[in-house]
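Remarks on the structure that follows.
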Amino acid sequence: MKNNYSKIAKRISIISIMVIIIGYFLWTILFPIQDINTLTDAELLTTQKQLALNYSLGRFLLYLGFAGFIGSSLYLVVKTIQKRSRPNR
């Protein structure tokens with residue numbers, strides 16, 4: 001039974017990485033902007049919201065992917081530590 005949870009956590013990690021990649025491409029501006037260094041942070045944010053494919057969905061997918069990846073990675077690390085700290089039977 002405990003092996004199934006590890007498999008599920010590994011799948012969640014892989015899916016989370018894919019969600020992060022998709023979210024990044026939706027969130028970012030995919031074409032070059034001339035003199036982007038001269039823009040203030042507020043102007044850059046406004047430009048990004050206007051020119052990104054889907055800024056709000058991309059940001060949501062980034063946060064969701066990071067949360068899923070961190071959660072599943074922590075689970076896998078804790079299970080590995082528990083497995084190594086137990087005496088062999």
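All residue numbers in this chain count up from 1 along the given sequence. Atom set for the values below is all heavy atoms of this structure, side chains included, hydrogens, waters and symmetry mates excluded. Note that the coordinates shown come from a computational prediction; the quantities given were computed from them, not determined experimentally.
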- L74: hydrophobic cluster co-members (side-chain, 4.5 Å):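 Traced through the cluster, L74 reaches I70.
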- Query: Does V77 sit in a hydrophobic cluster with other residues, and if so which ones, taking ILVMFWY side chains as linked at heavy-atom separations under 4.5 Å, directly or through other members?
  - Reply: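 Its cluster mates, by chain and number, are I81.
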- Message: Please evaluate residues L64 and F66 with respect to the criterion side chain to side chain contact (heavy atoms under 4.5 Å, CB included), reporting the C-alpha separation (whole Å), side-chain torsions for both, the decisive distance (0.1 Å), and the verdict.
- Response: CA-CA 6 Å; L64 182 70; F66 284 130; over 6 Å; no
Side chains of residues 50-60: which donor-acceptor pairs under 3.5 Å do they make with residues two or more places apart or in other chains?
none

Show me the donor-acceptor pairs within less than 3.5 Å that the side chains of residues 36-44 make with the rest of the protein, sequence neighbours left out.
{"unit_1": "T38", "atom_1": "OG1", "unit_2": "D35", "atom_2": "O", "d": "2.7"}
{"unit_1": "T40", "atom_1": "OG1", "unit_2": "E43", "atom_2": "N", "d": "3.3"}
{"unit_1": "E43", "atom_1": "OE1", "unit_2": "T40", "atom_2": "N", "d": "3.1"}

Compile the donor-acceptor pairs under 3.5 Å between side chains in residues 10-27 and protein atoms, sequence neighbours left out, one pair per line.
{"unit_1": "S13", "atom_1": "OG", "unit_2": "A9", "atom_2": "O", "d": "3.1"}
{"unit_1": "S13", "atom_1": "OG", "unit_2": "S72", "atom_2": "OG", "d": "2.7"}
{"unit_1": "S16", "atom_1": "OG", "unit_2": "I12", "atom_2": "O", "d": "2.7"}
{"unit_1": "S16", "atom_1": "OG", "unit_2": "F69", "atom_2": "N", "d": "3.4"}

- Looking only at heavy atoms, what is the nearest atom pair of T80 and L76, with distance?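 Closest pair (atom of T80, atom of L76, distance): OG1-O, 2.7 Å.
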